[in-house]
Amino acid sequence: MNRIEELGLFTEDLEQYQVIKDNFESLSSEDGQTAYELAKMCMIQSDRWNEIAFNAAKYGKEYSISKTDLYNWAYHRYRILMTIHEFCRVVYRQCNEDLRNGFRNEI
């Protein structure tokens, strides 16, 4: 746990981030609907973490934290969320293609 988390900053954002990570860990490659919902959640949360990184100087002054540390901390979460988002898009697309191909083969 780093100083930012010790101060109790961004607790709601961290909780939502953890929920996304937990859902991602349990995602199966056949669950297109969950992948779609998770991709949407990731986009919303990545925007929030990007905003935190963007305002690192302001938050750094407000909470007496290094701007660079806060920026790197928030940007790391932003990149993880974008990576999860991209992976979920691939799973969703593959599930849709499998579904369409399955119907074509049955006709």
Side-chain angles (χ1 to χ4, degrees):
M1 181 180 286
N2 65 22
R3 185 170 190 287
I4 298 164
E5 293 167 353
E6 288 172 2
L7 290 172
L9 303 178
F10 312 110
T11 54
E12 186 176 322
D13 297 306
L14 285 169
E15 288 171 4
Q16 292 174 0
Y17 174 78
Q18 190 60 47
V19 166
I20 289 172
K21 280 181 46 181
D22 293 342
N23 287 335
F24 178 70
E25 287 177 11
S26 64
L27 179 67
S28 77
S29 60
E30 294 85 32
D31 193 357
Q33 188 59 37
T34 300
Y36 178 76
E37 294 301 321
L38 199 52
K40 289 192 314 185
M41 289 171 57
C42 283
M43 283 303 295
I44 293 166
Q45 274 301 107
S46 66
D47 183 54
R48 173 65 180 141
W49 285 104
N50 187 47
E51 178 186 327
I52 292 169
F54 181 75
N55 291 311
K58 180 179 103 175
Y59 292 132
K61 286 180 185 175
E62 187 175 335
Y63 299 111
S64 300
I65 302 168
S66 163
K67 173 181 101 170
T68 304
D69 289 345
L70 180 57
Y71 174 84
N72 290 337
W73 180 76
Y75 185 76
H76 174 73
R77 279 147 186 79
Y78 163 79
R79 285 302 307 150
I80 288 176
L81 288 167
M82 289 307 296
T83 302
I84 292 172
H85 169 77
E86 291 166 7
F87 182 83
C88 288
R89 284 181 48 206
V90 170
V91 170
Y92 175 73
R93 187 176 311 132
Q94 186 62 45
C95 287
N96 277 347
E97 288 176 13
D98 289 349
L99 184 63
R100 273 188 255 132
N101 290 336
F103 285 134
R104 288 185 189 139
N105 292 336
E106 291 179 8
I107 296 177

Undergrad: Apply the test side-chain contact (heavy atoms from CB on, under 4.5 Å) to residues Leu9 and Tyr63: give CA-CA distance (whole Å), side-chain angles for both, the deciding distance (0.1 Å), then the verdict.
TA: CA-CA 9 Å; Leu9 303 178; Tyr63 299 111; 3.5 Å; yes
Undergrad: Looking only at non-hydrogen atoms, find the nearest pair between Gly32 and Cys95 and report the distance.
TA: N-SG, 3.5 Å
Undergrad: Might you point out which heavy atoms bring Leu27 and Cys88 nearest each other, and give the distance in Å?
TA: CD2-SG, 3.9 Å
Undergrad: Kindly determine whether Trp49 and Tyr17 satisfy side-chain contact (heavy atoms from CB on, under 4.5 Å), including the steps that lead there.
TA: CA-CA 9 Å; Trp49 285 104; Tyr17 174 78; 4.1 Å; yes
Undergrad: Can you measure from NZ (Lys67) to NZ (Lys58) and round to the nearest 0.5 angstrom?
TA: 14.5 Å
Undergrad: Considering all heavy atoms of both residues, which atom of Val91 and which atom of Ser28 are nearest to each other, and what is their separation?
TA: CG1-O, 4.0 Å
Undergrad: Take Asn55 and Leu70, measure what side-chain contact (heavy atoms from CB on, under 4.5 Å) needs, and give me the verdict at the end.
TA: CA-CA 9 Å; Asn55 291 311; Leu70 180 57; over 6 Å; no
Undergrad: Once you round to the nearest 0.5 Å, how far does CD1 of Ile20 lie from CZ of Arg77?
TA: 12.5 Å
Undergrad: Kindly compute the distance separating CD1 (Ile80) from SG (Cys42), expressed to the nearest 0.5 Å.
TA: 10.5 Å
Undergrad: Could you go through Met82 and Met43, starting from their C-alpha distance and side-chain angles, then the distance that decides it, and tell me whether this counts as side-chain contact (heavy atoms from CB on, under 4.5 Å)?
TA: CA-CA 7 Å; Met82 289 307 296; Met43 283 303 295; 4.1 Å; yes
Undergrad: Are there over 12 heavy-atom neighbours, none belonging to Glu12, within less than 6.0 Å of that residue's CD?
TA: no
Undergrad: Indicate whether the side chain of Asn96 and that of Tyr92 have a donor and an acceptor atom separated by less than 3.5 Å.
TA: yes
Undergrad: Which residue in the set Ile84, Val19, Leu81 passes side-chain contact (heavy atoms from CB on, under 4.5 Å) when paired with Met41?
TA: Val19
Undergrad: Can you tell me how far CD of Gln16 sits from NZ of Lys21, rounded to the nearest 0.5 angstrom?
TA: 14.5 Å
Undergrad: Restricting to side-chain contact (heavy atoms from CB on, under 4.5 Å), what partner residues turn up for Gln33, sequence neighbours left out?
TA: Asp31, Tyr36, Glu37
Undergrad: Nearest 0.5 Å, please: how far is CD in Gln94 from OG in Ser29?
TA: 8.5 Å
Undergrad: Do Leu38 and Phe87 have side chains that approach each other closer than 4.5 Å (heavy atoms only, starting at C-beta)?
TA: no
Undergrad: Return the set of residues passing ring-ring contact (aromatic ring centres under 6.0 Å, His included) with Tyr75 (not counting sequence neighbours), or none when no residue passes.
TA: Tyr71, Tyr78
